[in-house]
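Ligands are counted one by one from 1 in listed order, and the atoms in each one are counted from 1 as well. Quick caveat, the model's predicted, so the values are computed rather than measured.
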Amino acid sequence: MTPKSATARACANVALVKYWGKRDPELNLPATGSISLTLAELTATATVARAEAGEPRFRQDGRVVEGTPARRMEEFLDLVATRFGEDPLSVRVVADFPVAAGLASSAAIFAATAAAGAAACGGRIDLVDLSALARRGSGSAARSVFGGFVEWSRGDRDDGADSVATPLQGVGEWDVAMAVAVVNEGKKDVGSRDAMEHVARTSPLYPGWLAAQEDDLSAMRVAIARRDLERAGTIAEENCLRMHATAIAARPPVLYWAPPTLEVIALVRRMRGEGLRGWFTMDAGPQVKVLCAGADLDAVASRLAEIPGVSRVIRARPGPGVAILEGPCPWT
Ligand code: DP6
């Protein structure tokens with residue numbers, strides 16, 4: 001059957017217990033589990049259709065994507081097409097991530113593309129299975145299939161069928177928020193895929209990172225279930241610093257922080273001393289995301305914006321899971 005066109009939207013997510021290292025790069029299976037918060041303000045919309053011969057297969061924000069990102073997307077589209085027994089597919093992505101914010105958007109893009117691809121092919125797939133499919137595009141995309149707090153399991157099976165995401169707590173159940181301090185640094189970061197492979201191979205701290213993950217995961221599950229922000233924030237900060245410590249100790253080192261990154265960290269600690277509570281986390285870039293109570297978001301965001309090296313602050317709230325905007329819904 002010829003696939004029709006379908007459109008889906010997904011939100012980005014920020015990990016509070018990070019995914020950093022793989023047990024199988026081919027199937028994109030993580031070395032450990034991870035836990036994240038999906039964010040409503042950062043979304044990607046993907047429209048998947050049958051590929052026209054000779055036409056580029058991946059466009060983002062109106063431009064043809066080339067090189068490694070294009071190859072990676074084409075491989076993923078082929079995987080989706082094979083799964084649903086269809087012709088080659090193409091995708092047009094529109095991301096509402098602020099220009100040059102340097103925020104990892106691959107989670108939202110691959111989650112939206114997986115859903116739109118399944119819909120375009122008229123396929124049936126449940127959301128947990130969809131998370132395993134999205135994972136093949138980018139690991140963190142598995143978590144963007146669901147809204148609110150989400151856990152992505154390591155899984156034990158060699159075929160990865162049990163390395164799926166599941167929701168921990170839905171949107172609206174806990175009034176938390178994230179202030180995203182965008183630090184414009186100019187230099188191109190080492191992407192998370194290459195960095196985590198390099199760190200796992202060369203950092204003497206990597207085994208210690210792996211060994212500490214189970215404790216953070218179980219403590220974070222409890223903190224979320226109890227809506228204990230102080231506990232969740234403390235675990236998130238420690239987990240993030242441990243991840244960056246492995247990267248800094250790699251040979252050669254991978255250092256994502258810019259001077260304003262440290263200024264934000266210092267400010268967040270100072271604010272806590274003054275009674276304005278927030279907890280920081282950073283991923284493969286200099287941006288700092290600050291977890292706080294929903295009621296404190298404006299106050300926290302205003303303080304972060306005072307730092308000269310912070311070009312803007314995005315006020316983000318928990319967001320929904322992937323949704324089909326146009327086309328048949330592949331899940332019920
Ligand atoms: C630091 O999901 O981008 O953001 O699976 O290789 O595509 P690939 O990696 P990716 O890695 C995200 C790493 C991180 C932490 C996290 O989101 O858990």
Inset, instruction - Identify the residue among V14, V264, T261 that makes a side-chain contact (heavy atoms from CB on, under 4.5 Å) with M282. - result: T261

With atoms numbered from 1 as shown, which atoms in ligand 1 lie under 4.0 angstrom from a non-hydrogen atom of [X]?
| X | value |
| --- | --- |
| G139 | 2 (O), 5 (O), 7 (O), 8 (P) |
| D283 | 1 (C), 4 (O), 14 (C), 15 (C) |
| N28 | 5 (O) |
| K22 | 5 (O), 6 (O), 8 (P) |

Inset, instruction - Not counting sequence neighbours, which residues clear ring-ring contact (aromatic ring centres under 6.0 Å, His included) with W174? List them please. - result: F149

Legend entry - Donor-acceptor pair between W152 and S163 side chains, under 3.5 angstrom: yes

Legend entry - From E237, K289, K18, residue fulfilling side chain to side chain donor-acceptor pair (under 3.5 Å) relative to T281: K18

Option with minimal heavy-atom separation from [atom], where the choices are [options]:
| atom | options | value |
| --- | --- | --- |
| atom 11 (O) of ligand 1 | M196, R193, H244, E197 | M196 |
| atom 17 (O) of ligand 1 | K18, R72, R135, R143 | R143 |
| atom 7 (O) of ligand 1 | A247, S105, A15, S138 | S138 |

Legend entry - Test: D298 and R315 ion pair at under 4.0 Å: yes

Legend entry - Over 12 foreign heavy atoms within 6.0 Å of CZ, R272: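 Above 12, so yes.
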
Inset, instruction - Step through the shown structure and confirm whether more than 12 heavy atoms of other residues, nucleotides or ligands are within 6.0 Å of CD on E173. - result: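 Atom CD in E173 is crowded, with more than 12 foreign heavy atoms closer than 6.0 Å.
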
Inset, instruction - Record the part of N13 in heavy-atom contact with ligand 1 below 4.0 Å; permitted values are side chain, backbone, both and neither. - result: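 For N13, there is no contact with ligand 1 at all, from either part.
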
Inset, instruction - Check each heavy atom of S140 against ligand 1 and say whether those closer than 4.0 Å belong to the side chain, the backbone, both or neither. - result: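 Near ligand 1, S140 shows its backbone as well as its side chain.
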
